[in-house]
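Below is one structure, written out as structure tokens, with a few remarks after it.
All figures in this text were calculated on a predicted structure; none of them were measured in a lab. Residue numbers run from 1 in the order of the sequence given.
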Amino acid sequence: MVQAPERRTGRDETADERADRMWGELMQEIRVAQMGVQILFGFLLTVVFTPKYADLGHTEKAIYIVTVVLGATATGALIGPVSLHRLVSGRRIKPRAVEWASRLTFIGLLLLLVTTASSLLLILRVATHDPFVPWLVTAVVAWYLVCWFVVPLWVRRRYTTK
């Protein structure tokens, strides 16, 4: 019995070619996230030098400090893959470097989510003391979770076999 030829389900690329492609794609993704976190972090760093900062209450100052630390950690995680690449380049471990850079990027996205939510909470608390602020921030976080994780995971599950 003659078997039908297998249906092609991917690219004809070596492990190194795949790692190169995935690295390039990851760097493009990181550029977008880095830009956002760096702008947000830069803005956060200036807040303490404004006259309004002295008028903030204890809770708002605590939220601000937590937000700055979160922004710094998000920046570190999203810039980490660049340093990783630089330090391991030429060592013939690109597939491992792609794995670690992907992990750092995922952690960076989680930290960016929390930094953005914390920033929104701070801004809305200063702008208004209405009790709906936590609900609004929760809705925005839910939206981010849907856009950043739920939809991509649904697409992955729906359209892939792995």
Side-chain angles (χ1 to χ4, degrees), residues 19-89 91 93-158 160 162:
D20 287 341
R21 177 181 55 79
M22 290 180 71
W23 185 264
E25 291 173 358
L26 184 60
M27 287 299 105
Q28 291 301 325
E29 294 164 4
I30 289 172
R31 282 187 183 103
V32 173
Q34 277 179 347
M35 180 67 72
V37 76
Q38 288 172 339
I39 289 169
L40 178 58
F41 186 54
F43 164 75
L44 288 169
L45 291 176
T46 66
V47 170
V48 74
F49 299 106
T50 64
K52 181 79 174 167
Y53 184 79
D55 297 334
L56 293 179
H58 177 73
T59 302
E60 286 77 19
K61 285 182 180 178
I63 294 170
Y64 172 74
I65 290 167
V66 168
T67 304
V68 168
V69 171
L70 287 167
T73 58
T75 300
L78 290 170
I79 293 176
V82 176
S83 178
L84 174 70
H85 181 264
R86 188 54 22 230
L87 292 173
V88 303
S89 183
R91 305 272 181 175
I93 59 168
K94 189 171 269 182
R96 298 294 79 77
V98 169
E99 286 177 25
W100 281 99
S102 292
R103 291 177 182 146
L104 283 170
T105 302
F106 185 77
I107 291 166
L109 288 173
L110 290 174
L111 289 166
L112 178 57
L113 171 74
V114 179
T115 303
T116 304
S118 184
S119 298
L120 184 60
L121 178 63
L122 176 63
I123 290 167
L124 293 177
R125 279 183 63 99
V126 171
T128 178
H129 294 288
D130 290 335
F132 73 87
V133 168
W135 295 104
L136 184 57
V137 172
T138 300
V140 171
V141 169
W143 177 245
Y144 282 0
L145 289 171
V146 167
C147 293
W148 293 6
F149 302 106
V150 173
V151 170
L153 289 171
W154 177 80
V155 169
R156 183 171 95 172
R157 183 177 170 94
R158 172 80 168 88
T160 63
K162 285 187 178 179

Working for side-chain contact (heavy atoms from CB on, under 4.5 Å), residues Trp148 and Leu112: CA-CA 11 Å; Trp148 293 6; Leu112 178 57; 4.1 Å; yes

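- Sorted by first and then second residue, the pairs that involve residues 122-151 and meet salt bridge (Lys or Arg N to Asp or Glu O under 4.0 Å), not counting sequence neighbours, are Glu60-Arg125.
- Here the shortest heavy-atom pairing between Thr115 and Gly71 reads OG1-N, 3.4 Å.
- Taking each heavy atom of Leu109 and Ala33 in turn, the nearest pair found is CD2-CB, 4.1 Å.
- In this structure, Leu145 CG and Thr138 OG1 are separated by 10.5 Å, a value rounded to the nearest 0.5 Å.
- Contact detail for Phe41 and Val68: the closest heavy-atom pair is CE1-O, 3.4 Å.
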Criterion side-chain contact (heavy atoms from CB on, under 4.5 Å) on Thr116 and Val37, from CA distance to verdict: CA-CA 9 Å; Thr116 304; Val37 76; over 6 Å; no

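- Across Leu70, Thr67, Leu124, Val137, a single residue satisfies side chain to side chain contact (heavy atoms under 4.5 Å, CB included) together with Ser119, and that is Thr67.
- Here the CD1 atom belonging to Ile65 is positioned 11.0 Å from the OG atom belonging to Ser118, to the nearest 0.5 angstrom.
- Here the side chains of Ser89 and Lys94 are not in contact, with every heavy-atom distance at 4.5 Å or above.
- Residues Trp143 and Cys147 meet the side-chain proximity criterion, which asks for heavy atoms closer than 4.5 Å.
- Looking at every heavy atom in both residues, Lys61 comes nearest to Ala54 through NZ-O, 4.0 Å.
- Counting heavy atoms from C-beta outward, Gln28 and Arg31 have side chains that approach closer than 4.5 Å.
- Residue Phe132 qualifies as enclosed at atom CZ: its count of foreign heavy atoms under 6.0 Å is above 12.
- Using modelled atom types, one side-chain atom of Thr50 and one backbone atom of Val47 make a donor-acceptor pair closer than 3.5 Å.
- Residues Pro81 and Thr105 share a closest heavy-atom pair of CG-OG1, 3.8 Å.
- In this structure, Ala101 and Leu84 approach most closely via the heavy-atom pair N-CD2, 3.7 Å.
- In terms of modelled atom types and a separation under 3.5 Å, the side chain of Ser102 and the main chain of Val98 share a donor-acceptor contact.
- Looking only at side-chain heavy atoms (C-beta outward), Thr75 and Gln34 stay at 4.5 Å or farther from each other.
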Leu44 and Leu40: CA distance, side-chain angles, deciding distance, side-chain contact (heavy atoms from CB on, under 4.5 Å) verdict: CA-CA 6 Å; Leu44 288 169; Leu40 178 58; 4.2 Å; yes

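- The 12-atom threshold is exceeded at CH2 of Trp23, counting heavy atoms of other residues, nucleotides or ligands nearer than 6.0 Å.
- The ring pair (Phe, Tyr, Trp, His ring centres under 6.0 Å) test applied to Phe43 returns no partner, not counting sequence neighbours.
- Judged purely by atom type and a 3.5 angstrom limit, Tyr144 has no side-chain atom pairing as donor or acceptor with the backbone of Ala139.
- Under the 4.5 Å side-chain criterion, counting only non-hydrogen atoms from C-beta, Leu121 is in contact with Val133.
- In this structure, the separation between CD on Glu99 and CG on Leu26 is 12.0 Å, given to the nearest 0.5 Å.
- In this structure, the separation between CG on Leu78 and CD on Gln38 is 8.5 Å, given to the nearest 0.5 Å.
- Using a 4.5 Å heavy-atom cutoff, the side chains of Arg157 and Leu153 are not in contact.
- A heavy-atom distance below 4.5 Å is not found between the side chains of Thr73 and Ile107.
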